[in-house]
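Values below: all heavy atoms of this structure, side chains included; hydrogens, waters and symmetry mates excluded. Bear in mind that the values here come from a model prediction, so they are computed numbers and not experimental data.
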Amino acid sequence: MMKRLIILLNLLWGAPLLHAQSFAIVVDADSYTHCGPQIEAYAASVRADGLEAFVAAGPWETPEAVRDSLRSWHASRALAGTVFIGNIPVPMIRKAQHLTSAFKMDEQNFPMRDSSVPSDRFYDDFDLVFRPVGRDSVETRFFYYELAPESPQEISCDIFSGRIHPSDKFQDRYTELSKYLTKLVRLRAEENELDRVMSYTGEGSFSDSMIAWKDEAVTLAEQVPGAFHDIDGATFFVFYQYPYMKDIVLKECRRDDLDLVLFHCHGTPERQWIQGTPPATCDDEYYAAAKLQARNAVRRKVRFGAEPAAAMAEIMRQHDLDTTWVADTFDPEVVKADSLADLRLGIVLEDVWAAKPNARMYIFDACYNGDFREEDNIASRYIFSDGNAVVSLGNTVNVLQDKASSTYLGLLTQGCTVGEWHRRTAILESHVIGDPAFHFRPTREQVLDPVISPDDDLLDIVRHGKGYMQRYNALTQLKYRDMDSYRAGLRAALEDPYEFTRRKAAYWLCRVGHPDDVPAVLDAYFHDINTKRVAFNICNNSACFPDSTFLKAFDAADKSFLHPGMNDGRQALVSAIGLRDYAAEAIARHGNGSRGRASMLHILRNNPYPQLAPDLVKLVMDETEPLNIRLVVAEALGWFTDAYNRDWIAGQLRDYKANDPALQDEITRTVGRLNVYLR
């Protein structure tokens, strides 16, 4: 059988298709042996849509073999996209955390498995250059790579991709794969229109801000207008609507008419955290909830190595509690009851399997829900359960809460494939789980086009564009233009009716750090002080303005209009300055007398203060400083992509030639990152 598969693979590599775009179904040999007819039926259904699908089955031993084949097919067969079925090698990417939305785990002090990003950008972005680091000796399907210094430092996918990775957790993996593909072929033939949408917002999303939450109805109406013609078209749920939302959400997911579900939650590979403990309605409920939190705090300490007795004593001391609060923490019956109570607050793999979700597509705006390092994950479980779900979008590591999860979503209503839609918005950690060639039937509805042309007047669109998403997309593109235009666009966007645009404009304008923009940001702060995410972003990033100018302007401002007793946020501004001073202290130290200095400097990746840039550049070039310190700082400067002096930083580092190869590599990476925004 293996010999026949290799012959098949060789035949498929030949005979280039000169006109039609193609689609590669890359499958491991064992999966093809067990599920060949179903895989071929899937290929036929894709061909019926106009993509010249072909099956490439074989012993895919290394990511390089897969990537080289994809690159060859892209050149010879006009490859549009690919799907990886079964046991296809997993690239684990390092030295590329700037290509993620939030992931910044220390690669030196944490295990490689945890501090690397599983990413198929290795496969679908041919311009990225990688250096092999090695293969995992235990989990042998993991291959580690560093993003090379000479590589482009941005993602621009050449093709789209997706993963179909069955599990043995609930049934035999080949049975699972066969059932999924059979379902997929059936549902692809339906050509269903995207006009039924459900959105769920879990606790902790958008700081539980109703002002942030309400705008999703507007953006979805712009992009999926067909869902807003009747009562069942668009439904919105939020965690506090009922004491427990789990059963309600899963029941909604079982609707057979539902096309798309958006989950805004926190998550892990095996769980969606949809809510916290419901508010107490009486003293007994309050006391029970408080005791549960105390017991869980003790258990967390034990999980991290503390002795049970010592953990109990520490929690009692911290919170001034007596023994009645934690004495039964490890009682088997109490542990069982607490576990059952905890399960009511989230959706786990077993819940999904039992629910049989029917919506065709799911977007998981959460950390780790699509982590295909694990045997199973939430994004996969939805599509492999016995409902009509066929495709999802999930993240392999943690993800930024303040990101646009529905950018260009309107393309899906126009018949665009899920993979092609995702190709335009992909970050290092986001992945299509399931069929990336799946698409909905094009709607006849008028959809506001959010796609921005390179020739458009971006600043004019930011100021006068017709739609929420159109104005936001124009703002994101201004970052790649000259700094004066970018700042002007950000100032204008502070008054946009779309909360998310205001939120990101406040965040970015603070990080630009130009003192002339303090009045605009201060006005935005007081105008939007009840908009939690806008106020949060300003408070946390206000120290990017030099010499505490924002705090001084804040103190001088008339605040008499604020409600008496209202938290005006001043303490948060002071805390932000304290963090900046903490970083400045680490810069001022010399040598490596304590490990703490490097850790202190690591915070600059999340807190790129423009006024500290001259001292940081000087530190990188100071050969009397320890190499590890200079490496940390050289890397951190790559996060100064919004700073008003980013061109100066890039110029200084570009002209400097380090004697140490590792340091020069890090400088080259940083200059490459900054150059992305200096085009």
Side-chain angles (χ1 to χ4, degrees), residues 101 197-224 228 234-242 245 262-266 274-276 279 363 365-366 399-407 409 450 462-463 465-476 489-511 520-542 554 557 559 561-573 576:
S101 63
V197 180
M198 189 269 274
S199 170
Y200 179 78
T201 301
E203 186 165 4
S205 294
F206 325 136
S207 295
D208 302 333
S209 168
M210 288 297 296
I211 298 173
W213 179 76
K214 69 178 178 61
D215 282 344
E216 186 164 56
V218 179
T219 59
L220 287 178
E222 287 181 359
Q223 300 181 94
V224 193
F228 288 81
T235 52
F236 298 86
F237 293 91
V238 68
F239 70 93
Y240 58 72
Q241 286 176 299
Y242 298 92
M245 290 296 299
L262 297 97
F263 276 114
H264 304 294
C265 304
H266 297 295
I274 62 171
Q275 69 177 92
I363 296 176
D365 185 16
V399 70
L400 185 69
Q401 185 174 130
D402 280 354
K403 70 176 182 63
S405 58
S406 59
T407 300
L409 195 67
V462 170
R463 289 169 171 161
K466 295 180 181 179
Y468 277 26
M469 294 305 299
Q470 185 186 55
R471 294 193 302 273
Y472 171 74
N473 290 336
L475 181 66
T476 63
L490 292 173
R491 290 193 297 269
L494 290 173
E495 299 181 1
D496 196 277
Y498 183 21
E499 182 275 346
F500 187 78
T501 295
R502 300 199 308 277
R503 187 196 317 176
K504 298 305 290 188
Y507 175 80
W508 288 325
L509 195 55
C510 285
R511 291 205 162 200
V521 176
L522 186 66
D523 286 347
Y525 178 75
F526 285 125
H527 189 271
D528 248 356
I529 195 168
N530 290 314
T531 308
K532 292 182 179 180
R533 293 307 290 181
V534 175
F536 172 86
N537 277 311
I538 292 174
C539 286
N540 277 25
N541 294 281
S542 60
F554 177 92
K559 296 181 281 295
F561 67 92
L562 296 177
H563 189 278
M566 179 180 180
N567 178 10
D568 62 11
R570 189 181 190 280
Q571 185 54 51
L573 301 177

Please list, chain by chain and in numerical order, all residues satisfying side chain to side chain contact (heavy atoms under 4.5 Å, CB included) with [X], sequence neighbours excluded.
| X | value |
| --- | --- |
| Ala404 | Thr407, Tyr472, Phe500 |
| Glu222 | Val218, Leu448, Tyr468, Met469 |
| Phe236 | Ser199, Trp213, Glu216, Ala217, Leu220, Phe228, Ala234 |
| Asp365 | His264, Lys403, Ser405 |

| Listed partners of Phe263 passing ring pair (Phe, Tyr, Trp, His ring centres under 6.0 Å), at least two apart | Phe364
| note | Residues passing the ring pair (Phe, Tyr, Trp, His ring centres under 6.0 Å) test with Phe237, sequence neighbours excluded, are none
| Please, which pairs that meet salt bridge (charged side-chain N to carboxylate O under 4.0 Å, His left out) have at least one residue in residues 524-536, sequence neighbours excluded? | Asp402-Arg533, Arg502-Asp528
Do [X] and [Y] have side-chain heavy atoms sitting under 4.5 Å apart?
| X | Y | answer |
| --- | --- | --- |
| Arg503 | Phe536 | no |
| Tyr240 | Val238 | yes |
| Glu499 | Val534 | yes |
| Leu475 | Trp508 | yes |
| Lys466 | Gln470 | yes |

Could you state the interatomic distance from [atom1] ([X]) to [atom2] ([Y]), rounded to the nearest 0.5 Å?
| X | Y | atom1 | atom2 | value |
| --- | --- | --- | --- | --- |
| Asp215 | Met210 | CG | CE | 11.0 Å |
| Phe561 | Met566 | CZ | CE | 8.0 Å |
| Ile529 | Ile538 | CD1 | CD1 | 9.5 Å |
| Leu573 | Asn540 | CG | CG | 9.5 Å |
| His527 | Leu522 | NE2 | CG | 13.0 Å |
| Asp568 | Leu562 | CG | CG | 6.5 Å |

Atom of [X], atom of [Y] and distance for their closest heavy-atom approach:
| X | Y | answer |
| --- | --- | --- |
| Cys539 | Gly569 | SG-O, 4.0 Å |
| Asp208 | Gly202 | OD1-O, 4.2 Å |
| Val462 | Gly489 | CG1-O, 3.6 Å |
| Phe239 | Ile274 | CB-O, 3.5 Å |
| Leu494 | Ala520 | CD1-O, 3.7 Å |

Partners of [X] by side-chain hydrogen bond (donor to acceptor under 3.5 Å, both in side chains), sequence neighbours excluded?
| X | result |
| --- | --- |
| Gln275 | none |
| Tyr507 | Arg511 |
| Arg463 | none |

| field | Residue pair Tyr498, Thr219: steps toward the side chain to side chain contact (heavy atoms under 4.5 Å, CB included) verdict | value | CA-CA 9 Å; Tyr498 183 21; Thr219 59; 3.5 Å; yes
| task | Begin with the C-alpha distance, continue with both residues' side-chain angles, and end with the deciding distance and a verdict on side chain to side chain contact (heavy atoms under 4.5 Å, CB included) for His266 and Gln401. | result | CA-CA 9 Å; His266 297 295; Gln401 185 174 130; 3.5 Å; yes
| request: Applying salt bridge (Lys or Arg N to Asp or Glu O under 4.0 Å), name anything that partners Asp496, two or more places apart in sequence or on another chain. | output: Arg471
Mark yes or no for whether [X], through its side chain, and [Y], through its backbone, hold a donor-acceptor pair below 3.5 Å.
| X | Y | value |
| --- | --- | --- |
| Ser406 | Leu409 | no |
| Lys559 | Phe554 | yes |
| Glu203 | Gly276 | yes |

| What's the verdict on side chain to side chain contact (heavy atoms under 4.5 Å, CB included) for Ser542 and Val521, showing C-alpha distance, side-chain angles and the deciding distance? | CA-CA 9 Å; Ser542 60; Val521 176; over 6 Å; no
